[in-house]
2 protein chains.
Amino acid sequence: MKLSTKGRYGLRAVFEIGLKYGEEPVSIKTISENQGISENYLEQLFKNLRKEGIVKSTRGAKGGYELTKHPSLIKVSDVMNALEGSSKILECIDDGSCSREKYCPTRIIWLKVQKSIDDVMDTTTIQDIIDDYMKNNTGGK
Amino acid sequence: MKLSTKGRYGLRAVFEIGLKYGEEPVSIKTISENQGISENYLEQLFKNLRKEGIVKSTRGAKGGYELTKHPSLIKVSDVMNALEGSSKILECIDDGSCSREKYCPTRIIWLKVQKSIDDVMDTTTIQDIIDDYMKNNTGGK
DNA sequence: AGAAAGTTGAGTAAAATACTCAGAATTGAG
DNA sequence: CTCAATTCTGAGTATTTTACTCAACTTTCT
Ligand code: FES
Ligand code: FES
């Protein structure tokens with residue numbers, strides 16, 4: 001059960017944009033340099049982030065990406081859903097999607113695991129990540 | 001972030017064996033029939049479960065697999081580790097395994113997610129799964 | 001006009017997943 | 001003792017997913 005680079009890279013990228021929220025658009029080139037992720041790949045990730053309305057773009061010189069909403073309104077789960085399609089650990093989890101559902105002995109476990117993941121991702125926002133980052137890179141000597 | 005069939009099938013298989021704990025070994029054939037999993041594939045899964053000491057085997061007629069310990073002593077995480085190699089959602093999680101670790105803005109999120117998953121898998125045992133199954137298939141009408 | 005961006009769709013290499021298969025080894029039952 | 005039941009093992013493979021790359025095009029700023 002591994003988290004793919006889509007999710008990992010994507011969240012770092014969104015964080016990067018969040019840092020400049022309310023200031024200026026951030027270009028793919030900048031993100032690529034700061035986070036060490038290929039420009040080509042970032043393009044793909046942003047295609048999805050844009051489609052899901054998490055970022056908006058400005059073309060042309062001085063263009064780039066910005067968050068559509070305040071960082072405190074964007075949950076980690078939003079980003080994950082946009083990038084990984086869904087943050088479900090398995091298909092069977094949705095009611096009615098599995099023929100064994102009714103008598104499946106292990107279903108309850110996966111539901112619990114899923115819930116615990118959702119709890120974290122739904123209650124953490126980009127702002128939280130930014131705050132945490134600020135604390136660690138200024139507060140402490 | 002999907003759970004592979006190794007983990008899903010494997011836990012169902014271990015549950016099946018757990019039902020007969022203290023009674024008789026359960027053959028791959030039986031599990032295959034009850035859980036609808038290919039015999040060939042189950043062999044592969046049991047190769048790992050055995051290596052990690054979760055099950056023990058008896059060859060020959062009337063042979064099969066049994067749990068090495070009481071179901072209440074086998075955690076879901078034990079089974080997952082045996083089957084999926086590790087239940088870590090990413091490599092970076094281990095201290096020192098990632099060069100970005102120190103200033104990585106998203107690391108803390110993944111650590112939280114990991115912890116919440118571990119909490120569930122470490123505190124749920126095969127016995128819990130069995131109990132739950134029994135409740136749902138006898139208690140109710 | 002020209003450079004700096006984003007936009008899009010297609011394509012691909014590598015890795016992981018999800019199996020299959022054949023045959024050898026072991027054991028219990030008759 | 002023999003045979004059928006069963007595990008054991010290593011190798012092989014098809015499919016899917018991941019993780020990208022690339023090229024051409026559009027938009028916008030200066
Ligand atoms: S709910 Fe689908 S196999 Fe358990
Ligand atoms: S800790 Fe490795 S990229 Fe964040």
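Letters A, B, ... mirror the listed sequences (proteins, then strands); counts begin at 1.
Between B:M1 atom CE and D:dT18 atom P the separation is 12 Å, expressed in whole Å. Put simply, CG on B:L45 is 11 Å from P on C:dT20, counting in whole angstrom units. Between the CD atom of B:E24 and the P atom of D:dT7 there is a distance of 13 Å, rounded to whole Å. The interatomic distance linking B:E84 (CD) with C:dA18 (C1') rounds to 12 Å, in whole Å. Rounded to an integer number of Å, the gap from CG of A:L49 to P of C:dG6 is 13 Å. Per the geometry, NZ belonging to A:K6 stands 7 Å off P belonging to D:dA19, to the nearest Å. As a whole-Å value, the separation of B:Y65 OH from C:dT26 C1' is 12 Å. Taking atom CG of A:L3 as the reference point, atom P of D:dT18 lies 11 Å away to the nearest angstrom.
Nearest-nucleotide positions on DNA chain C place A:G64 closer to the 5' end than the other of B:R8 and A:G64. Nearer to the 5' terminus of DNA chain D, by closest-nucleotide assignment, is the contact made by B:K47 (compared with the other of B:K2 and B:K47).
Taking CD1 from A:I126 and CG from A:L73, the interatomic distance works out to 11.0 Å, rounded to the nearest 0.5 Å. Rounding to the nearest 0.5 angstrom, the gap separating the NZ atom in A:K75 from the CG atom in A:N81 is 9.0 Å.
In plain terms, the two heavy atoms of B:I17 and B:I31 that are nearest each other are CG1-CD1, 4.0 Å.
For CD of B:E91, the number of neighbouring non-hydrogen atoms (other residues, nucleotides, ligands) closer than 6.0 Å is 12 at most. Within a 6.0 Å radius of NZ in A:K2, more than 12 heavy atoms belonging to other residues, nucleotides or ligands are found.
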Decide salt bridge (charged side-chain N to carboxylate O under 4.0 Å, His left out) for B:K115 and B:D119; before the verdict, give the C-alpha distance in whole Å, the side-chain angles of both, and the deciding distance to 0.1 Å.
CA-CA 6 Å; B:K115 184 172 182 321; B:D119 276 351; 3.3 Å; yes

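Residue A:K29 places no side-chain atom within donor-acceptor reach of the base of C:dG6, judged by atom type and a 3.5 Å distance cut-off alone. Not a single donor-acceptor pair, N or O on each side, falls under 3.5 Å between the base of C:dG6 and the side chain of A:K56.
Regarding contacts with the backbone of D:dT6, every side-chain N or O of B:S57 stays at 4.0 angstrom or more from both OP1 and OP2. When the side-chain nitrogen and oxygen atoms of B:R50 are compared with OP1 and OP2 of D:dC8, one or more of them lie within a distance under 4.0 Å.
Using the six-membered ring where Trp is involved, B:F46 and B:Y65 have ring planes that are parallel, under 30° apart on the 30 and 60° scheme.
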Go along nucleotides 20-30 of chain D 5' to 3' and tag each nucleotide: B for a protein heavy atom under 4.0 Å from its base, S when only backbone or sugar atoms are that close, - otherwise.
BBBB--BBBS-

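At the heavy-atom level, A:F46 lies nowhere under 4.0 Å from the strands shown.
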